[in-house]
There are 2 protein chains.
Amino acid sequence: MATISAASDQVIAGGAPPESNPHPSLEAEAHDFYSSLTDLLKVVQFRDRDRACCYDVSVAQCYALQTVAEGGPLAVNDLAGSLFLDKSTASRIAGALETKGYVHRRGDPDDGRVVRLEVTPAGAALNRRIEDDLSEEYARLLKDFPAEVRTGMIRLLRRLATTFSSRVDASGGSCCTIQKD
Amino acid sequence: MATISAASDQVIAGGAPPESNPHPSLEAEAHDFYSSLTDLLKVVQFRDRDRACCYDVSVAQCYALQTVAEGGPLAVNDLAGSLFLDKSTASRIAGALETKGYVHRRGDPDDGRVVRLEVTPAGAALNRRIEDDLSEEYARLLKDFPAEVRTGMIRLLRRLATTFSSRVDASGGSCCTIQKD
DNA sequence: CGATTATAGTTGCACATGGCAACCATCTCT
DNA sequence: AGAGATGGTTGCCATGTGCAACTATAATCG
């Protein structure tokens, strides 16, 4: 697994060959990007399903744990918004995490309706472990790429996330209205 | 956090001096990468759920359609492998796509057990439309990056996908065996 | 102040997804 | 030809998720 790097290293280090056309084909690149991102998503969606159970949480629970761990005491509704899920689903996820001892519910002192979610020490530890394990993997992959690519990739990922996220917000949560034909 | 990175960095980079870390922020970058990729995945998993219905297929069906469209006549088993799904699930997805008229099953002339999946014209058109729509979006996002960075990022994505994919293959498909603590 | 409305959360229900196991049909190998 | 292997389908079940109904609390308005 760590052995993939050898062959393509020089190519990567050398960067893109300076061809006559500096933008050979943005469309082709976009298509490559689409297909590689799709491939990655396919794998990751499966990998995450598989991996999550190693940590005794589902994928959604893992996302929720991360969100709660980073977002401080978080209302169920906010968790739902952050995960793009219905509040009922968020409530159930919170319940599952609570049962497993990774978060606990506490009533908001200022608003009796609100239930605030907080990570327990165990939850914080689990979140950190997942984070570290994945970061370690990513570090292994990133280190073979030049700094501009690494930082560019991170920026691009962020931009993708925010772009899609705003799109989702705009579309209102239910099915969008694109016509079939 | 990820402690392996520093050590292996020198090996790969071929003689990074151990004095000051030549990649002082690799760990930080890996963490950024993790968090931005996670954010993207959260959004995309939702967005895809939402978007797919616009095209009258589920997320898995969309992946399957793409795989069949690109992979030529494809056995159900191969589709399952490509999507990291059980063959029964692949069979059902194929059935759904067949019902919708996007693929059709045909017995393999050389092997009576095998069912080959092929896209119909409608399926090919749908796949192309999805592909074009997304590629267009990606082109808009990519065009702000220099060409070398773009190609580097695409390569990075590919490597991510292949690395994770090989990991999944190696792990055998069922749940891995990492202990909880 | 009391009544109405809005908001946060939980729960009941239904549906979609996906895996496992059983099963059948076909192929391959002695 | 018989035994086992392989590809595919189906039954069954667990999980995840949204919608709607419901409860409890807050906010607003008379």
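Note that these values count all heavy atoms, side chains included, but never hydrogens, waters or copies made by symmetry. Just so it is clear: chains get the letters A, B, ... in the order the sequence lines come, proteins before strands, and each one is counted from 1.
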Between the first and last five pairs of the helix from C:dC1-D:dG30 to C:dT30-D:dA1, the angle of the axes, rounded to 10 degrees: 10°
For A:Glu148, salt bridge (charged side-chain N to carboxylate O under 4.0 Å, His left out) partners two or more places apart: none
Residues that B:Asp78 engages under salt bridge (charged side-chain N to carboxylate O under 4.0 Å, His left out), provided they are two or more places apart: none
Distance in angstrom units between [X] [atom1] and [N] [atom2], rounded:
| X | N | atom1 | atom2 | answer |
| --- | --- | --- | --- | --- |
| B:Asp86 | D:dC12 | CG | P | 17 Å |
| A:Ile93 | C:dG9 | CD1 | C1' | 14 Å |
| B:Leu85 | D:dT9 | CG | C1' | 16 Å |
| B:Leu79 | D:dG8 | CG | C1' | 12 Å |
| A:Leu117 | C:dT10 | CG | C1' | 13 Å |

Nucleotides 22-29 of chain D: protein proximity per nucleotide (B base, S sugar-phosphate only, - neither; heavy atom, under 4.0 Å): ---BS---
Under-3.5 Å N/O pairs linking protein and nucleotides 12-16 of chain C:
residue : atom : partner : partner atom : Å
C:dG12  : N7   : A:Arg92 : NH2          : 3.2
C:dG12  : O6   : A:Arg92 : NH2          : 2.7
C:dC13  : N4   : A:Arg92 : NH2          : 3.3

Counterpart residues, side chain to side chain contact (heavy atoms under 4.5 Å, CB included), relative to [X] (two or more places apart):
| X | result |
| --- | --- |
| B:Ala64 | B:Leu79, B:Leu83, B:Ile93, B:Leu97 |
| A:Ala28 | A:Ser25 |
| A:Thr151 | B:Glu29 |
| A:Asn77 | A:Lys87 |

Between [X] and [N], does any side-chain N or O lie under 4.0 Å from OP1 or OP2?
| X | N | answer |
| --- | --- | --- |
| B:Arg105 | D:dT9 | yes |
| A:Thr89 | D:dG16 | no |
| B:Asn77 | D:dG8 | yes |

A:Tyr63: partners by ring pair (Phe, Tyr, Trp, His ring centres under 6.0 Å), with sequence neighbours left out: none
More than 12 heavy atoms of other groups within 6.0 Å of A:Glu27 CD: no
5' priority, DNA chain D, between A:Gln61 and B:Asp78 [closest heavy atom]: B:Asp78
Sugar-phosphate only, base, or nothing, as touched by A:Ala60 at under 4.0 Å among non-hydrogen atoms: sugar-phosphate
Candidate nucleotides D:dT17, D:dG7, D:dT9, ranked by approach to the side chain of B:Ser91 - the nearest: D:dT9
Non-neighbouring partners of A:Ser88 that pass side-chain hydrogen bond (donor to acceptor under 3.5 Å, both in side chains), sequence neighbours left out: A:Asp86
Side chains of B:Tyr102 and B:Asn127, donor plus acceptor under 3.5 Å: no
Sequence neighbours excluded - side chain to side chain donor-acceptor pair (under 3.5 Å) pairs with any residue from residues 114-123 of chain B: B:Arg106-B:Glu118, B:Asp108-B:Arg116
